[in-house]
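Scroll down for the structure; my scribbles are underneath it.
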Amino acid sequence: MLKVLVLSLIGGYIFSLLHIPIPWMLGPIVIVMLAQFVYKGPLKWSSQMRDIGVVMVGTVIGVQFNTDLFGMMGPLLFYMITLNIILIGGSIGIAYLTSKWVKIPVKAAVLGAIPGGLAQIVVFAEEEKIKEIGVISYFQVIRLLLVVVFVPFIVAGQVMSKQPTEAKLTISLVLLIALAWGCSYLTKRIHLPVAYFITPIILLITVQLTTPIAMPQVPGIVMDVAQLLIGAHIGLMLKPQMIKLPVRVLVGGIFSAFALIALTFGSSFLMSFTLDTTFATSFLSTAPGGLDQMVLLADEVNAEVSLVSMFQTFRLLFIFILIMPLMKVFYRWRGKKEILYNQERSVVKY
């Protein structure tokens, strides 16, 4: 783990010198990912380190959350549902085209294209006894990497970068992060989706609404550390063995990822027009990347972090709670229909 930490620090420092967006996340991603193809020894990063980074991001959002958004929940809910229907419908269409060219089952292509969490998608695929687990994992990982690498450059020039803050790390902020970690650990045990991100936000919004406790200021170093902890984890996701997949699969994954980026790029203009948000806020709210990465980028480019986190969280919950159960029901129904059809054909032949 020390090797990955050193590589991440080097990558973050180099990218910060080059003034690349979110340097302490992109730097570790690129350097750690490249190191896997050069260094033959083991490179490891604890999942708990990534979870701590996500808790830090959730805590910062909770501290800075714009509670006025609750007064707009009616219109926001309508647009969140509409944009997610567009995203899921577009993902299925892209998956269908990809499956025809790559020559993989449509079911595998759909699971590779839907922008949900990698772990949850893989578990779902295993439960459905889908053989193309490696292909699905590659599609999900390459989408995440391409979104994290390209989206920052798309939005970086749209708004002014966040001005450096003179806030200092305080004991109260450290205690809030520790409290958020403890509560997140408990909610994870009861299987709350994206617990390490959602729990700190809910906890601190509740504190803001129900107590007179003043929220501490957040120094930039907190988000830099969170970027590094998350970036090192993402850098290790693309394994060298994934590159050994057929060329059609490799190209298909890249096509699928860019098609999703283009789809959300277009739908972000709908959000920007209807909700009167900046392009950076609308695009990061709809982009098919990881929730924590999009929120980190929103913070970096001074977009509306509360709105981005709300839309991104809703997307994941929409997929986990509604879309995946519906897919399971659909595949069960389709499987039974195929069995009946095969039985009828057998009777006819007999």
Side-chain angles (χ1 to χ4, degrees), residues 33 36-37 42-45 47 50 84 87-148 191 193-194 233-261 263 288-290 315-316 318-346 349:
M33 182 175 62
Q36 290 188 92
F37 295 90
L43 290 173
K44 297 181 179 179
W45 190 248
S47 60
R50 186 258 183 185
N84 275 284
L87 176 61
I88 299 303
S91 298
I92 293 172
I94 291 166
Y96 178 78
L97 295 174
T98 304
S99 70
K100 294 301 180 185
W101 189 77
V102 178
K103 297 179 181 177
I104 58 174
V106 175
K107 185 190 292 188
V110 169
L111 290 176
I114 287 180
L118 172 61
Q120 290 82 1
I121 294 291
V122 169
V123 168
F124 182 87
E126 290 172 344
E127 290 176 352
E128 293 298 311
K129 296 180 173 58
I130 297 174
K131 298 177 182 179
E132 296 80 9
I133 299 293
V135 174
I136 293 169
S137 298
Y138 166 73
F139 270 52
Q140 289 285 337
V141 169
I142 199 67
R143 171 185 54 79
L144 179 63
L145 287 173
L146 290 176
V147 169
V148 170
H191 306 292
V194 286
H233 169 79
I234 297 172
L236 288 172
M237 290 178 71
L238 185 65
K239 304 296 182 184
Q241 57 265 32
M242 288 184 176
I243 307 302
K244 297 177 182 178
L245 291 167
V247 174
R248 276 180 177 264
V249 173
L250 298 178
V251 175
I254 295 171
F255 162 77
S256 177
F258 278 121
L260 279 171
I261 293 173
L263 173 67
R315 169 172 62 84
L316 286 180
F318 187 80
I319 291 172
F320 294 159
I321 296 173
L322 182 62
I323 299 302
M324 292 178 71
L326 284 177
M327 287 175 64
K328 188 179 287 288
V329 171
F330 173 75
Y331 289 136
R332 292 283 185 274
W333 171 80
R334 184 176 170 184
K336 290 179 180 178
K337 190 175 180 181
E338 288 177 353
I339 291 172
L340 290 173
Y341 176 73
N342 291 332
Q343 288 176 345
E344 288 174 358
R345 287 188 64 186
S346 299
K349 284 182 180 180

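Numbers here are sequence positions counted from 1. Computed from a predicted model, the values in this text were never measured in an experiment.
Under the 4.5 Å side-chain criterion, counting only non-hydrogen atoms from C-beta, T98 is in contact with F139. Under the 4.5 Å side-chain criterion, counting only non-hydrogen atoms from C-beta, F255 is not in contact with V102. Taking 4.5 Å as the limit, every side-chain heavy atom of I114 sits out of range of all side-chain heavy atoms of M324.
Around atom NZ of K328, more than 12 heavy atoms belonging to other residues, nucleotides or ligands sit under 6.0 Å away.
Within the 3.5 Å criterion, the main-chain N or O of L87 finds a donor-acceptor partner in the side chain of S91. A side-chain donor-acceptor contact under 3.5 Å links Y138 to the backbone of L250. Judged purely by atom type and a 3.5 angstrom limit, Q36 has no side-chain atom pairing as donor or acceptor with the backbone of M237. Between the side chain of R315 and the backbone N or O of N84 there is no donor-acceptor pair closer than 3.5 Å. Between the R143 side chain and the P288 main chain, a donor and an acceptor come within less than 3.5 Å of each other.
Between atom CZ of residue F124 and atom CD1 of residue I319 there is a gap of 12.0 Å, rounded to the nearest 0.5 Å. Here the CD1 atom belonging to I130 is positioned 9.5 Å from the CD1 atom belonging to I121, to the nearest 0.5 angstrom. Here the CE atom belonging to M33 is positioned 13.0 Å from the CG atom belonging to L43, to the nearest 0.5 angstrom. Taken to the nearest 0.5 Å, the CG atom of L245 stands 11.0 Å off from the CD atom of E132.
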For this session: Could you give me the CA-CA distance, side-chain angles and deciding distance for I92 and Y96, then say whether side-chain contact (heavy atoms from CB on, under 4.5 Å) is met?
Result: CA-CA 6 Å; I92 293 172; Y96 178 78; 5.6 Å; no
